[in-house]
Amino acid sequence: MTSGIDLNRVKKLNSQDTGTGPVVYWMSRDQRIRDNWALLYAQELALAKKQPLVVVFCLVPEFLGAALRQYRFMLQGLAELEQDLRKLKIAFSLLTGNPVEKIPGFCRETAAGALVCDFSPLRIQTDWKEKVASNLPLAFFEVDAHNIVPCRLASSKQEYAAYTFRPKINKLLPVYLTDIPAPQAHPYPSAHLKQGDQITDWKAAENALFLGQSVPPVSGFKPGETAGREAMEHFISNKLPFYDRDRNDPILNGQSNLSPYLHFGQLSAQRLACAISRAGAGEGSSLEASKEAYLEELVVRRELSDNYCFYNRAYDSTAGFPRWARETMEVHRNDPREYIYPLADFEGARTHDQLWNAAQNEMVYTGKMHGYMRMYWAKKILEWTQNPEQAMEFAIYLNDKYSLDGRDPNGYSGVAWSIGGVHDRAWGERPVFGKVRYMSYKGSKSKFNIEAYISKVRAFMDG
Ligand SMILES: Cc1cc2nc3c(=O)[nH]c(=O)nc-3n(C[C@H](O)[C@H](O)[C@H](O)COP(=O)(O)OP(=O)(O)OC[C@H]3O[C@@H](n4cnc5c(N)ncnc54)[C@H](O)[C@@H]3O)c2cc1C
């Protein structure tokens, strides 16, 4: 083994043998070259058989409600990736359409000897892979390049909460939180390696998606692997020591803002966790507390979200809620609501609550809502809709449409935590919420300056 990959990261998705022919890496969730175990594994297979290596990305015109904002971010990242792969003599191909047809078709066309893909717990991606695996005449491997501890290994079942998951992850972290080798220049050239100025026409690829302008791109996040690394370094050098103190105040820019890069796989969580762990060793207790708090979010909470979506196929509906929450939801289903808004009022930030409206506008105008506000925002959607089913539908629709980091296991588990008590416990009973944890305007007022937050969002809106 040259890549140093732990084979617990790899799952064979069919029973075919690896043949002679190029190795194809179907890149999907982990859109980067560096720190990518799936790419390293694909290269290892190709080197063992002295075969070319081809990376292929299948662009799906409709993906969980993604809009121009998210597609533009992703395509610009892929354009950089294509150029960097070329420097490593690794071919890149962009396909457009349904991967269930396109990926096997590409493997036939290239006479591939093996197919490698990365890991995602989301239904749409697991369904694609099942269908591709069912009649693929070559070996098909899945590599978990997104989680530090591979999702299947971290736990074999849905975890109840962070306190049940944390000891399992912490036990395995010393084995998995390692450095990651770099891929090497590939010695066996592919017929698909484009020469000279031949590159993918990324503008044409975007135009073919017919996305319209209803959710325009945002300027606050520069896309791509290089930008992701720079954002990571900037956070560690400038903000990490204050993370524990500042992260829950939406006026301060105390979070890392790395979620768009992590979501698109432009930044490896493992690389980030290694860099955080090593940051400024011995520089004092506030840094140590911040490192601990950050790793709790990045490792425990983030990987718990993958666990939830992987083991609970109903992760985006009320059927995924724990029993106590479904029971309390039934008891309070017909409680009178003080306000009920249609989707258009939520979407247009036209509720009676200026704090909620500011949070919605922050997401619409910047592409990312502050983490504290995300909880308040989703809980109020529960309070002001007809029932929890509608609340789930509205919250997921809005989050996935406007957030750069939407359509992510963190989003589905975050919404389910807010509305249905997932990974939480029962609290004191009250109208509408039942035993699901409540958050109030008054509570926010005691934590931060609401007027300052509203003004800050207004400044974004005014450009
Ligand atoms: C209703 C609701 C919706 C959410 N939707 C999304 C979403 O669409 N995409 C998304 O990535 N996160 C989502 N979250 C989780 C969390 O709010 C974001 O991950 C975080 O605010 C992202 O900003 P950051 O990178 O600056 O976070 P930081 O505070 O800097 O955290 C670093 C990283 O840790 C992870 N993390 C932080 N908080 C959580 C959490 N509560 N659960 C899981 N992982 C976490 C993320 O990967 C994050 O990028 C949602 C939470 C709620 C309550």
Side-chain angles (χ1 to χ4, degrees), residues 29 64-66 69-70 121-122 146-148 159 161-162 165 169 220-221 228 231-232 234-236 238-240 242-250 252-273 275-276 290-309 315-316 356 359-360 362-363 366-382 391-392 394-424 436-437 439:
R29 194 185 188 199
L64 300 174
R69 168 173 300 178
Q70 296 91 3
L122 298 188
H146 213 80
N147 289 293
I148 301 169
E159 290 296 330
F165 189 55
I169 279 275
F221 293 89
M232 171 182 88
H234 180 267
F235 171 70
I236 292 175
N238 298 289
K239 296 201 295 182
L240 177 61
F242 317 107
Y243 179 77
D244 192 37
R245 187 190 70 196
D246 295 348
R247 67 191 159 131
N248 279 325
D249 186 333
L252 307 173
N253 194 12
Q255 290 189 282
S256 66
N257 288 326
L258 292 173
S259 54
Y261 301 103
L262 292 166
H263 168 73
F264 286 100
Q266 294 173 356
L267 178 65
S268 145
Q270 187 168 337
R271 170 63 55 203
L272 175 57
I276 296 285
S290 286
K291 283 165 65 171
E292 200 179 308
Y294 194 83
L295 290 172
E296 167 71 13
E297 301 298 346
L298 177 72
V299 183
V300 178
R301 302 284 166 166
R302 195 184 51 80
E303 304 209 350
L304 179 62
S305 299
D306 261 37
N307 169 280
Y308 174 60
C309 293
Y315 55 77
D316 52 356
W356 192 94
Q360 168 70 12
E362 183 182 27
M363 175 172 70
T366 70
K368 185 170 178 287
M369 189 191 299
H370 189 276
Y372 179 85
M373 292 311 302
R374 280 179 136 154
M375 299 187 273
Y376 180 82
W377 173 87
K379 285 187 176 290
K380 293 297 154 187
I381 296 180
L382 171 62
M392 283 295 283
F394 287 6
I396 289 174
Y397 169 82
L398 294 170
N399 192 47
D400 286 358
K401 181 169 176 180
Y402 292 103
S403 297
L404 266 184
D405 62 14
R407 305 151 318 286
D408 191 280
N410 285 349
Y412 301 119
S413 69
V415 170
W417 177 89
S418 308
I419 295 175
V422 167
H423 300 150
D424 203 358
V436 171
R437 184 199 297 246
M439 278 173 79

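Ligands are counted one by one from 1 in listed order, and the atoms in each one are counted from 1 as well. From a predicted model like this one, the values you see are computed outputs, not experimental measurements.
Ligand 1 has an N or O atom lying under 3.5 Å from an N or O atom of Tyr243, backbone or side chain.
Interface atoms of ligand 1 facing Gly406, defined by a heavy-atom separation under 4.0 Å, are 8 (O).
Among Lys368, Glu296, Arg247, the residue whose heavy atom sits closest to atom 23 (O) of ligand 1 is Lys368. Nearest to atom 17 (O) of ligand 1 by heavy-atom distance, out of Arg374, His263, Arg301, His370, is Arg374. Scanning Met373, Glu297, Glu303 for the heavy atom closest to atom 36 (N) of ligand 1 points to Glu297.
The shortest distance between side-chain heavy atoms of His423 and Glu159 does not fall below 4.5 Å. Contact annotation: the side chain of Lys379 never approaches that of Ile419 to less than 4.5 Å [non-hydrogen atoms, C-beta and beyond].
Judged as a ring pair (Phe, Tyr, Trp, His ring centres under 6.0 Å), and not counting sequence neighbours, the contacts of Tyr372 are Phe448. Residues passing the ring pair (Phe, Tyr, Trp, His ring centres under 6.0 Å) test with Phe264 are Phe73, sequence neighbours excluded.
Among all non-hydrogen protein atoms, the one lying nearest atom 26 (O) of ligand 1 is Asn257 N, 2.6 Å. Closest to atom 11 (O) of ligand 1 among all protein heavy atoms lies Asn410 ND2, 3.3 Å. Of all protein heavy atoms, the one lying nearest to atom 21 (O) of ligand 1 is Gln255 NE2, 3.1 Å.
The aromatic rings of Phe235 and Tyr294 are tilted relative to each other, their planes meeting at an angle between 30° and 60°.
The pair Asp405-Arg374 meets the salt-bridge criterion, with a side-chain N (NZ, NE, NH1 or NH2) lying under 4.0 Å from an Asp/Glu carboxylate O.
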